[in-house]
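Here is the structure we will look at, set down as structure tokens.
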Amino acid sequence: MSHPPPVSCIPNTAKMSKAKKVIEEAKEINNPEIDLVDKGISNLDEIPGLFSLENVTRLTLSHNKLSTVPAGLANLINLEILNLANNHIEELPVSLSSLPKLRILNVSLNRLYTLPRGFGAFPVLEILDLTYNNLKEETLPGNFFMMESLRALYLGDNDFEYLPPEIGNLKNLQIVSMRENDLIEVPRELGQLARLRELHLQGNRLVVLPPEIGSLDLASNKAVLRLEGNFWVPHIEDQIKLGPSHVLDYLRSETYRVLYSRHMSAKPPPPPQTLDKSKKASRARS
């Protein structure tokens, strides 16, 4: 006598067949946008025909159970937008950065500890979201800061203590988010990003900022400067309460330059870590 399959298997099987149906329909009507959100997918190789859809420009695979991304994804040479958010991804293929038209890549809410060698080779990438992973400055590949087309870089909720000075190479950046890391210092080169309109540094271990940050245009109504939740010296803390323009004015002052110089010369120990990241979902193992 045959037994029915366990109930827990039914939803996944049903979801997978829905995923296959999406691919079949896309082939029939030549649909350039594939939506596979929350389809219970744990392995992209289970979806026959996906990597042969060369006309696809947008692929959404968020809210699934992927732990790896096959190198074959790079066959989708017309891909412009790739969303892999909220999966269990622990590594990305080297081939990903060869996608010639990719403009937006979202790999937030995953389990990345490293990025592949040569990751910075994307030729036209504009928006990169790596929020809520386990990345730090030592694990960034050597060419990470060579993506000169980048306009927005989201690295919040990772494990950075330092932001490498090469950030200054990304002259087109308009948004930088480093919130909820372990930053104890940011580089002077951040002040070279003349197009920057949003800077998120809240929830770190910062005490001072380089005076060069004062030259950024972050005081207008449309600009965003978030600095709360740090360990600022009292003078910066006072200016934060008054607003971004007051902070920037103070950073440009001679008084502050002297204070900053003294602080950096004294090399005081950094503030303690206050966030327990051991319980982060990104630390979970498949």
Side-chain angles (χ1 to χ4, degrees), residues 12 14-112 115-116 118-133 135 144 147-157 170 172-177 198 282:
N12 263 0
K15 283 183 173 182
M16 283 305 297
S17 62
K18 281 182 185 173
K20 289 172 185 172
K21 190 178 176 187
V22 169
I23 300 302
E24 285 162 13
E25 287 176 356
K27 278 182 180 173
E28 282 174 27
I29 63 171
N30 221 17
N31 186 358
E33 300 191 355
I34 308 288
D35 185 348
L36 293 170
V37 175
D38 193 19
K39 294 285 189 289
I41 304 166
S42 57
N43 187 340
L44 289 180
D45 293 325
E46 295 168 5
I47 308 174
L50 175 60
F51 299 149
S52 63
L53 299 174
E54 285 193 11
N55 67 307
V56 170
T57 59
R58 179 197 292 256
L59 177 58
T60 306
L61 286 158
S62 52
H63 302 275
N64 282 291
K65 296 172 183 174
L66 296 170
S67 57
T68 58
V69 178
L73 196 63
N75 295 343
L76 305 179
I77 55 172
N78 287 300
L79 205 57
E80 296 177 20
I81 300 170
L82 176 58
N83 188 342
L84 295 164
N86 203 353
N87 277 279
H88 305 157
I89 298 167
E90 295 180 10
E91 62 179 308
L92 295 169
V94 172
S95 62
L96 201 60
S97 57
S98 68
L99 286 166
K101 297 182 181 178
L102 196 68
R103 293 184 298 105
I104 299 173
L105 175 60
N106 186 345
V107 203
S108 62
L109 287 153
N110 277 286
R111 301 175 183 177
L112 295 171
L115 294 173
F119 184 80
F122 290 100
V124 295
L125 195 66
E126 295 178 20
I127 298 172
L128 175 58
D129 193 342
L130 293 165
T131 304
Y132 207 93
N133 280 283
L135 300 169
F144 185 84
M147 295 181 276
E148 292 182 13
S149 52
L150 266 193
R151 292 188 297 111
L153 178 59
Y154 297 94
L155 291 172
D157 280 292
L170 304 180
N172 288 305
L173 276 180
Q174 296 171 28
I175 300 171
V176 171
S177 178
E198 282 193 32
S282 61

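The residues of the chain are indexed from 1 along the displayed sequence.
In plain terms, the two heavy atoms of D35 and V22 that are nearest each other are O-CG1, 3.9 Å. Shortest non-hydrogen contact noted between S149 and P123 is OG-O, 3.8 Å. Of all non-hydrogen atoms in E46 and P48, the two that sit nearest each other are O-CD, 3.1 Å. G120 approaches M147 most closely through the heavy-atom pair O-CG, 3.2 Å. Across every non-hydrogen atom of K27 and G49, the tightest pair is NZ-CA, 3.6 Å. When every heavy atom of V37 is checked against every heavy atom of H63, the shortest pair comes out as CG1-CD2, 4.1 Å.
Environment of CD in E33: crowded, with over 12 heavy atoms of neighbouring residues, nucleotides or ligands closer than 6.0 Å.
At a threshold of 4.5 Å between non-hydrogen side-chain atoms, the residues V69 and V107 do not count as touching. Residues S177 and Y154 have side chains in contact (heavy-atom distance under 4.5 Å, counting atoms from C-beta outward). The shortest distance between side-chain heavy atoms of T57 and I81 does not fall below 4.5 Å. Within the 4.5 Å cutoff, no side-chain heavy atoms of L82 are placed close to those of L76. At least one side-chain heavy atom of L115 sits less than 4.5 Å from a side-chain heavy atom of L130. For the pair L153/F144, a side-chain contact is recorded, criterion being any heavy-atom separation below 4.5 Å from C-beta on. Using a 4.5 Å cut-off on side-chain heavy atoms (C-beta onward), N86 and D38 make no contact. Side-chain atoms of L44 and L61, non-hydrogen and from C-beta on, do get closer than 4.5 Å to each other.
Looking only at distances, a side-chain donor or acceptor of S97 sits under 3.5 Å from a matching main-chain atom of G118. In this structure, N78 contributes its side chain and E54 its backbone to a donor-acceptor pair below 3.5 Å. Between the side chain of N110 and the backbone N or O of L112 there is no donor-acceptor pair closer than 3.5 Å. A donor-acceptor pair is defined here as one N or O able to donate and one able to accept, closer than 3.5 Å; such a pair exists between the side chain of N64 and the backbone of G40. Using modelled atom types, one side-chain atom of N87 and one backbone atom of K65 make a donor-acceptor pair closer than 3.5 Å. Put simply, the side chain of N55 gets close to the backbone of N30: a donor and an acceptor are under 3.5 Å apart. Checking side-chain atoms of D157 against main-chain N and O of T131 turns up no donor-acceptor pair under 3.5 Å. Side-chain N or O atoms of N133 include one that pairs as donor or acceptor with a backbone N or O of R111 at under 3.5 Å. In this structure, S62 contributes its side chain and N83 its backbone to no donor-acceptor pair below 3.5 Å.
L173 CG to E148 CD: the interatomic distance, rounded to the nearest 0.5 Å, is 10.5 Å. To the nearest 0.5 angstrom, E126 atom CD is 4.5 Å from R151 atom CZ. Atom CD1 of I47 and atom CG of L53 lie 10.5 Å apart (nearest 0.5 Å). Annotation: the span from L84 atom CG to N106 atom CG amounts to 8.0 Å, rounded to 0.5 Å. With rounding to the nearest 0.5 Å, the separation of CD in E25 from CD1 in I34 is 9.5 Å. For the atom pair OG (S67) and CD (E90), the distance works out to 6.5 Å, reported to the nearest 0.5 Å.
No option in L150, L128, L105 other than L105 meets the side chain to side chain contact (heavy atoms under 4.5 Å, CB included) test with F122.
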Go through the steps to decide whether K101 and E80 satisfy the test salt bridge (Lys or Arg N to Asp or Glu O under 4.0 Å), and finish with yes or no.
CA-CA 5 Å; K101 297 182 181 178; E80 296 177 20; over 6 Å; no
Could you check I23 against L36 for side-chain contact (heavy atoms from CB on, under 4.5 Å), going step by step and ending with a plain yes or no?
CA-CA 9 Å; I23 300 302; L36 293 170; 4.2 Å; yes
